[in-house]
Protein chains: 2
Amino acid sequence: MNTKNIRIKDIAQLAGVSVGTVDRVLHNRGRVSEDALKKVLSVLDQIDYKPNLIARTLGANKTYRIAALVPNPDQDPYWASSKSGISQAEAEWLRYGVTVQPFFFNLYDKNTFTEVARRVTDSEPDGILVAPIFYHETLPFFEEFRERGIPYVLFNTNIHEGQPLSFIGQDLYQSGRLGAELMHLSQNGQAGILAVLHVNEDLGNSVHLAEKEKGFREYFDDKNPNAFEIRTLNLTSPNNPAFEKELLELIGNNKVRGLFISTSKATAIIAAFLEKHRRTDLKLIGYDMLEENIFYMKKGVIDFLINQNPKRQAFLGINHLVGQLILHKNPPANELLPLEIISRENLASYLSSGIH
Amino acid sequence: MNTKNIRIKDIAQLAGVSVGTVDRVLHNRGRVSEDALKKVLSVLDQIDYKPNLIARTLGANKTYRIAALVPNPDQDPYWASSKSGISQAEAEWLRYGVTVQPFFFNLYDKNTFTEVARRVTDSEPDGILVAPIFYHETLPFFEEFRERGIPYVLFNTNIHEGQPLSFIGQDLYQSGRLGAELMHLSQNGQAGILAVLHVNEDLGNSVHLAEKEKGFREYFDDKNPNAFEIRTLNLTSPNNPAFEKELLELIGNNKVRGLFISTSKATAIIAAFLEKHRRTDLKLIGYDMLEENIFYMKKGVIDFLINQNPKRQAFLGINHLVGQLILHKNPPANELLPLEIISRENLASYLSSGIH
DNA sequence: AGCTATGATGTGTGCGCACACAATTTTACT
DNA sequence: AGTAAAATTGTGTGCGCACACATCATAGCT
């Protein structure tokens, strides 16, 4: 029934030494005679010893501290969602002695990132989860993490030179293409102008949004090179008067048929704007099931949402770190989550199902 | 060290009894005075006791046998997918001493179900996962399971009178509505005839497909009562000459614009048929990411697939049983999975991501 | 030789739980 | 009241590992 697993005790017996000696060999903490070492190694060589992880964690009773280096959840509901995934993972692992300490940086201020990342390093955690939204600022820290031997996992934004234990996110280029497909489908075969909107983003330092736009554009290049004109609008913060002006100018053009919004928060902002100006005829495709976005989808302002699953991304990130720390299990180097399409008719089914 | 987890020992101390008594209460194996019971329960009521799974499985060294009563995977790739979810769950729990024994019945023969279900009961498993696709035949077995105190979980098809530990599936009415929404969207604003196709199904004994159809029809009733005519075709097996004849008659009508297929296997069959007759202009919406369906989607024959996630359904079913057996954790009575939309542009993202 | 550093090796304990069994109290009955 | 039986309650043990500590052997020194 149960394949009798080889225990340390068995190895000791086979080698003719005590469990203590085997233990010292296994963890190579020295203090073993050459003679004994040889005997134990030869046994280990012949059999495939797999330590019982259950027993190991029970006995160890060690606590692991994981640091989560993420944007301030109060600044953006997307990151609030992310945060809740972290909390959920922590709750799940708490009884195994895992704690997660969040370190928040300002989403709009690179300097706070550097400062907070410094604090993370100083806190000497056993593992780190990072949302590396500032490309240049993160690189030196990754190097430091590696030097210190602290495993780190990235999510949301990938940094290929980062060499993390694992990355969790989505294929952003394909995400843009998907947005384009949905937009195309919503156009009822008519041609016109489509706009890609970025709100309050420093496109220079955040490559990921450019990827989405590229996907969006290339879809139409592939399908229908001439029927649609794609415009990009790089909007400032909605507080800025230029924001409303530029937007009004855009939707004033009666050839404009649809808007593709590159982030979740911006989706809500644009939805509110369109409703205010009674332009729900324009097709609106954006990101994520934020409360506001759900509201506007139900109202018919938003046509499709692409779910980036921020909660799940963070959840999996913590899980992978815990798996590495406790079970010594290597997570996949790249975990790309499915690009989920949310429409009016399947919205409820997503809302009612949890994170699993 | 910071978060002191509550142990049985702690509960005993708080209640003023011994750990043995607490243990008896937790596993309600009686032999506890009313007085002691009350004390322990009141403590348990106040604190949230989460047993240490690690310690439990280490000590118990017990094995659990779960029986899976499911259709023969060789008869239908949908059920093969289901089976793979079962295997995956088993692999995950094997080291905790859980084994899953599959019992296959013939998808098209009620009698084999009864016979195999008999064998399941006789094998006296610790838990049972059932795909109850034959309504009338299953009911007496559920009663027997309950009498014997064996927990059982349903998936794919719900039987409300079944009183299972848990049901895992989807909202089929909403699934039909979603199919309708996608179909509507694909019609580019033009009117016409849309058909709902069932292939080789005994609709009398399988309520679930009628639910999908109802959803499909009601969507159009809500949206656009007059623009579309919805027809239903209840086809026999493709081997039957009537199959091709009826289908040819349908697509011969030049007002027919799209087909909605109620099952995954039928989706592949109809896709093959449409390709053969070069009618890929018709919009085709069906179910699930079977290999063939993926093939026809990439070719442009199938426009959308609604993912019922058979693998995940079975996976979760086993998980819930294990959770109940090992953790004594009650799963949700109804777990309705999201209705996932698969299109050409997000197909790859679903294929590359595993079951999680 | 007697003694101590020093290295090598073996033994013991706890982690939290489940379960067997021993100890104790209560009940039933003569 | 005395005793046996039954009901209740408490204690002990093992699961496999890691680590602390005790024991043992040997060499080096006075």
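Sequence lines set the chain letters: A, B, ... in the order given, protein chains first and strands last, and positions in each chain run from 1. From a predicted model like this one, the values you see are computed outputs, not experimental measurements.
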Notebook entry, point to check: Whole-Å distance between C:dC17 C1' and B:His27 NE2?
Noted result: 8 Å
Item checked: Atom-pair distance (CG on A:Asp35; P on C:dT9), nearest Å -> 7 Å
Next item on the list: Take atom CD of B:Glu34 and atom P of D:dT9, then tell me their distance rounded to the nearest Å.
Entry: 11 Å
Next item on the list: Have a look at B:Val19 and say if it touches a base, only the backbone sugar-phosphate, or nothing, with a 4.0 Å heavy-atom cut-off.
Entry: base
Next item on the list: Let me know the distance between CG of B:Asp23 and P of D:dT13, rounded to the nearest Å.
Entry: 17 Å
Notebook entry, point to check: Side chain of A:Leu58: nearest nucleotide among D:dG16, D:dG10, C:dC17?
Noted result: D:dG16
Next item on the list: Return the value, rounded to whole Å, for the distance between atom CG of B:Leu26 and atom P of C:dC19.
Entry: 12 Å
Checklist line | Atom pair distance, as rounded to whole Å: NZ in B:Lys9 and P in C:dA18 | finding: 16 Å
Notebook entry, point to check: Of all the nucleotides listed (D:dC17, C:dT9, D:dG10), which has the minimum atom distance to the side chain of A:Ala55?
Noted result: D:dC17
Notebook entry, point to check: So, the side chain of A:Gln313 versus the backbone of A:Asn156: is there a donor-acceptor pair under 3.5 Å, distance only?
Noted result: yes
Next item on the list: Would you please confirm or rule out a distance under 4.0 Å between OP1 or OP2 of D:dT9 and any side-chain N or O of B:Ser33?
Entry: yes
Check: A:Leu154 and A:Phe142: side-chain contact (heavy atoms from CB on, under 4.5 Å), yes or no, with the steps?
Finding: CA-CA 10 Å; A:Leu154 311 187; A:Phe142 292 160; 3.5 Å; yes
Margin query: In this structure, how many angstroms lie between the P atom of C:dG16 and the CD1 atom of B:Ile11, rounded?
Written below: 13 Å
Item checked: B:Arg7/B:Asp10 ion pair, N-O < 4.0 Å -> yes
Notebook entry, point to check: Is A:Thr21 near enough to C:dA8 that one of its side-chain N or O atoms lies under 4.0 angstrom from OP1 or OP2?
Noted result: no
Note to self: I want to verify a distance call: between D:dG16, C:dT9, D:dC17, whose nearest atom is closest to the A:Ala36 side chain?
What the structure shows: C:dT9
Item checked: Euclidean distance, atom NZ of residue B:Lys38 to atom P of D:dT9 [Å, nearest integer] -> 12 Å
Next item on the list: From the options C:dG16, C:dA18, D:dA18, select the nucleotide whose nearest atom is closest to the side chain of B:Arg29.
Entry: C:dA18
Item checked: 5' precedence on DNA chain C between B:Arg24 and B:Tyr49 (nearest-nucleotide basis) -> B:Tyr49
Notebook entry, point to check: Would A:Glu34 and A:Lys39 pass as an ion pair if we require N to O under 4.0 Å?
Noted result: no
Margin query: By the 4.0 Å heavy-atom rule, please label B:Val32 as base, sugar-phosphate, or nothing.
Written below: sugar-phosphate
Check: Counting side-chain heavy atoms from C-beta on, which of D:dT8, D:dG16, C:dC17 comes nearest to B:Arg31?
Finding: D:dT8
Notebook entry, point to check: Under 3.5 Å, side chain of A:Gln324 to main-chain N/O of A:Pro331, donor-acceptor pair present?
Noted result: no
Next item on the list: For A:Arg7, answer base if it contacts any base atom (sugar-phosphate contacts may also be present), sugar-phosphate if it contacts only those atoms, and nothing otherwise; contact means non-hydrogen atoms under 4.0 Å.
Entry: sugar-phosphate
